[in-house]
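Read through the structure below, which is laid out as structure tokens, and then see the notes.
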Amino acid sequence: MLLLVPLVYLVLALASIQGGALAVEGAARQAARVAVQAGDRESAEAAVERAVQVALADYGVDADGASVTVDCQSADCDAPGSRIRVSVQASVALPLVPDVLSLDRVGSVPLEASATQTVSRFAAVEP
């Protein structure tokens, strides 16, 4: 019985971390897909933010604390064949950690994932 409580907590903590890892990875992958399909830089950034918000919310991860970075291989991100890399960073809180005395910061695990997609060579290029 003495070992059962820490073992159950370990299982809960690992499940929480695994769920967060899947959330961050899925958000990065979906955001990269959305970024290569957007027409211009401004609409791409807005679409990436929405995609990350939705993907993280699906897994119950706080999307407000997440940060997103979009990098382009070339100066023109919309050019066919250019690669776009999206990195998503978020923190996942461990279960049963109280918010008292800022323990929620100590009791969280930072996670990061990135995904790279290539703009289709058949993408429309405007003169």
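Below, all heavy atoms of this structure are taken into account, side chains as well, without hydrogens, waters or symmetry copies. One-based numbering along the sequence shown.
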Can you list every salt bridge (Lys or Arg N to Asp or Glu O under 4.0 Å) pair that touches residues 53-71, not counting sequence neighbours?
none
Looking at T118 and G81, what are the two nearest heavy atoms and their distance?
CG2-O, 3.6 Å
According to salt bridge (Lys or Arg N to Asp or Glu O under 4.0 Å), who are the partners of E49, at least two apart in sequence or on a separate chain?
none
Shortest non-hydrogen contact from A38 to S43?
CB-OG, 3.9 Å
Does one hydrophobic cluster hold both L14 and V109, with members joined at side-chain heavy-atom distances below 4.5 Å?
no
Main chain of A21, side chain of Y59: is a donor-acceptor contact present, judged purely on distance under 3.5 Å?
no
Heavy-atom closest pair (S114 atom, R85 atom, distance to 0.1 Å) is OG-NH2, 3.1 Å
Hey, any chance Y9 and V92 share a hydrophobic cluster, counting ILVMFWY side chains that come within less than 4.5 Å of each other, even indirectly?
yes
Pairwise side-chain contact, I17 with L94, heavy-atom cut-off 4.5 Å (strictly under)
yes
Is there a path of hydrophobic side-chain contacts, each under 4.5 Å between heavy atoms of I, L, V, M, F, W or Y residues, that connects L96 with L7?
no
As an exercise, state the distance from CG of L56 to CD of Q30, rounded to the nearest 0.5 Å.
11.5 Å
Residues R83 and T116: side-chain donor-acceptor under 3.5 angstrom
no
Check A31 against A51 and note the closest heavy-atom contact, atom names and distance.
CA-CB, 4.2 Å
How long is the span from the CG atom in L3 to the CG atom in L10, to the nearest 0.5 Å?
11.5 Å
Taking all heavy atoms of A90 and all of A66, pick out the closest pair and write down the distance.
CB-CB, 4.1 Å
State plainly whether one hydrophobic cluster holds both V52 and L111, where clusters connect Ile, Leu, Val, Met, Phe, Trp and Tyr through side-chain heavy atoms under 4.5 angstrom apart.
yes
Between V48 and V34, what is the shortest heavy-atom contact and its length?
N-CG1, 4.2 Å
Could you tell me whether a side-chain N or O of S87 sits under 3.5 Å from a main-chain N or O of E112, the two making a donor and an acceptor?
no
